[in-house]
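Reviewing the structure listed below.
Quick caveat, the model's predicted, so the values are computed rather than measured. The sequence lines fix the lettering, A, B, ..., with proteins before strands; numbering per chain opens at 1. Values reported hereafter were calculated over all heavy atoms of this structure, with side chains retained and with hydrogens, waters and symmetry mates removed.
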Amino acid sequence: MDILNKLNKEQQEAVVNTDGPMIILAGAGSGKTRVLIHKVLYLIQEKGIDPTEILMVTFSNKAAGEMRERMELALDSPSLPIVSTFHSLCARILRRHGVNIGIPHNFVIYDTQDQLATVKECMSLLDIDQKQARPKAVLETISSAKNQMIDAKTYSEFAKGYFQEFVSNIYPVYEGMLVENNALDFDDLLLKTLRLFSEDKNSLEFYQNSIKYLLIDEYQDTNSAQYLLSKYLCGKYKNICIVGDFAQSIYSFRGADFRNLERFKKDFPDSKTFQLSQNYRSTQSILNAAHSVISNNSTHPILKLWTENAAGSDLRIHEANDGHQEAEYIIQTVHTLQKSDPLLNLSDVAVLYRMNAQSRTLEEVFLHLGVPYKLVGGVRFYDRKEVKDVLSYLSLLSNPKDKIARARLEKLGKRRFANFEEYLENFTKNNLAESKKTIDILDEVLEKTKYLEKYDENDSEDLARLENIKELRSVAIEFPQLIPFLENVSLVEAEYLPDQKKGDPNNAITLMTLHAAKGLEFKVIFLVGMEEGIFPHSQSLFSISDVEEERRLCYVGITRAKDHLYITYVKERTLFGQRSNSTPSRFIFELPEDVREINNITYDGGSPNFL
DNA sequence: GCGCCATGAGGTACG
DNA sequence: CTCATGGCGC
């Protein structure tokens, strides 16, 4: 039983309890991934379960990829469990069985850009001026309705207030347009699968029979549709293991509801709960700080973490005059750290901030002082114009009904589009979607439309675009069949690597938002811009639950740190060209008293904590 | 069909 | 301040 050897007692229990519904409350840095991997190993090697009857659902494709990699390593067998996100899983289900509820197998998946174009199209159809309502706001409202599983018909009864009532007129038109275009948006992938399961018992049973063990990670960030899906999927064997942490729920703004972790207990009264509370990542003082802050939340349980790690040096709070000096402080501090620890690599250091707009000042200073950095985030590969253009051609070939793609392509030039239509006609007539290889289609389309001629390879920006298309070609080679190719590109977020002008990426400081840092760890963490209005963000100050989410985000940030944590704020912040005086974040005043004392942060009575 | 300018908006972000 | 978008003129 050497599977269990390397696990602590809590972890072992969570692993060997295989059958029936169960909840694993896994604190930050408690070895959650390890437990999941070992659980799968245990199921296969000790209980003789066929790997393909195990389904693991992860939060992101990135997480799924990492999980798959680790399992491949551990299992050493060609047969592996299925690891997928809810969205990928649903897309696959709908390709196969969606036709049973009238969804053709060649549907396209609309991303945010396509959705927005659809909303605009609807608005112009309804003769609504874009000044009357921002299409983006309309889309957000529709999407939030979908997240709450309110369909277009019932939304008009549900709509409250002027704007929602206004949107309730657009919502059905939007839905109609998706059907007409044979398109599903991301929310639809979940919703239509639910509909399939409720209307077509055969499909439901097919999947229920094939899933003997279901494991779902990051359950605190599931939405209602995902909650229901998980219930459906484990419906036959009821071997469902959900893993999550209330204190790390940071996506309620897009429909996630941490209460799903509790709801589960009501729906599965015989479920068992396990806790992973030993932390292997951070020093005790970092854990104390994290706990001290998160304890101010009252709407969810909090797991108290402990560690055998050393106490650690006291964490620092630093006040800078402005954003530039804040950045300089980071560089100075890293420099000092490296003097006392020559093994400390720049890749051990991350700077976390609340919003992307904060990265600019940091970049400016880093660039100026020649400090290598790696910026995480920004425009994603598949969202880039040139990539999206080329994909739209292919998408229209697969699904000629897609008017949004058609409109996009028409804008690239009438003659170009006429040439393409010629190709399209022949393509459809001979049903080439089945037989022709993706890469050949792609090359023929580029040839036919002379799309590449739009760009001048002597222009560096254009050259980058041409490179991206090259990159797309290599993906096309990987997926010779058109539909799987399109599915991959719409579901699998590819990280776009901005031109590596900053040299060795392994020796660079990472800059990213707190959201992007979820699941990661670094020896040294800088939590910057800890000011009221930035963190917590000004738009969160109106509701207690929003401030609590900000606090969880702060908790996530603190718990990313292994050895050193630096928290900084400025006296004067320039944001969007507007300079203003800042107040230290309320979260600073929630740190343990001794930390504040050492850092000379005294509570001045003028509480920013007005909620 | 492209480029210029005015306008406006500016949280976080997975699929 | 900066970026994206849309309208309009050439």
B/S/- along nucleotides 8-13 of chain B (protein heavy atoms under 4.0 Å) is -SBBBB

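- The ring of F59(A) has its center closer than 6.0 angstrom to the ring center of Y251(A).
- Contacts of E550(A) classified as salt bridge (Lys or Arg N to Asp or Glu O under 4.0 Å), with partners at least two apart in sequence or in another chain: R354(A).
- Within the structure, the salt bridge (Lys or Arg N to Asp or Glu O under 4.0 Å) test picks out no pair touching residues 453-463 of chain A (sequence neighbours left out).
- Taking the salt bridge (Lys or Arg N to Asp or Glu O under 4.0 Å) definition, one finds that D188(A) meets it with K146(A), sequence neighbours left out.
- Using cut-offs of 30° and 60° on the angle between ring planes, the pair Y455(A) and Y451(A) is perpendicular.
- Between the side chain of S543(A) and the main chain of D546(A), a donor-acceptor pair closer than 3.5 Å is present.
- Sorted by first and then second residue, the side-chain hydrogen bond (donor to acceptor under 3.5 Å, both in side chains) pairs with a member in residues 125-140 of chain A form an empty list; sequence neighbours excluded.
- Contacts of K414(A) with the nucleic acid, taken as non-hydrogen atoms under 4.0 Å apart, involve only primed sugar atoms and P, OP1 or OP2.
- Ion pairing between D389(A) and K385(A) holds under the 4.0 Å rule for side-chain N and carboxylate O.
- On the P atoms, dA4(C) is 16 Å away from dA13(B), given to the nearest whole Å.
- Here S88(A) lies in heavy-atom contact (under 4.0 Å) with sugar-phosphate atoms only.
- Atom CG of L94(A) is separated from atom P of dG15(B) by 18 Å (rounded to the nearest Å).
- Remark: the separation of the C1' atoms in dT5(C) and dT12(B) is 23 Å, to the nearest Å.
- Atom C1' of nucleotide dG15(B) and atom CG of D221(A) are separated by 13 Å, given to the nearest angstrom.
- One can place CG of D111(A) at 10 Å from C1' of dG15(B), the figure rounded to the nearest angstrom.
- Between chain A and DNA chain C, the heavy-atom contact criterion of under 4.0 Å yields a 5' to 3' nucleotide range of dC1(C) to dG6(C).
- If you check distances only, the side chain of T112(A) does reach the base of dG15(B) with a donor-acceptor pair under 3.5 Å.
- In this structure, CD of Q113(A) is placed 15 Å from C1' of dG15(B), rounded to the nearest angstrom.
- Side-chain contact between E487(A) and F479(A): absent, with no pair of heavy atoms (C-beta onward) separated by less than 4.5 Å.
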